Participant: 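I have a structure I would like to understand better, so I am pasting it below and will then ask my questions one at a time.
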Amino acid sequence: MASLVWLLIPLFAAIGAAIWGSWAARDRTQGDISELAGYARFREAMGKAEQARQKAEAHSGSDAV
């Protein structure tokens, strides 16, 4: 009986390896597209913030002596 228990260890390891292999080989193209779209929105927002900062600095008048 004990030998059957020892034979279950490689069986569970093979099942675990098959599950991990199928998870590692999954198709991830959809995630890349949404991440790239999010990064484009982030860059656009940062560009708007930079333009607003430059506009505020141009109209601040703090450089006047």
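Given the structure is predicted, the values throughout are model-derived calculations rather than measurements.
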Participant: Only distances under 3.5 Å count here; give the side-chain donor-acceptor pairs of residues 37-46 to other protein atoms, sequence neighbours excluded, each with its distance to 0.1 Å.
Facilitator:
none

Participant: When rounded to the nearest 0.5 angstrom, what distance separates CG in Leu8 from CD1 in Ile15?
Facilitator: 9.0 Å

Participant: In this structure, would Ile19 and Phe12 fall into the same cluster of hydrophobic residues linked by side-chain contacts under 4.5 Å?
Facilitator: yes

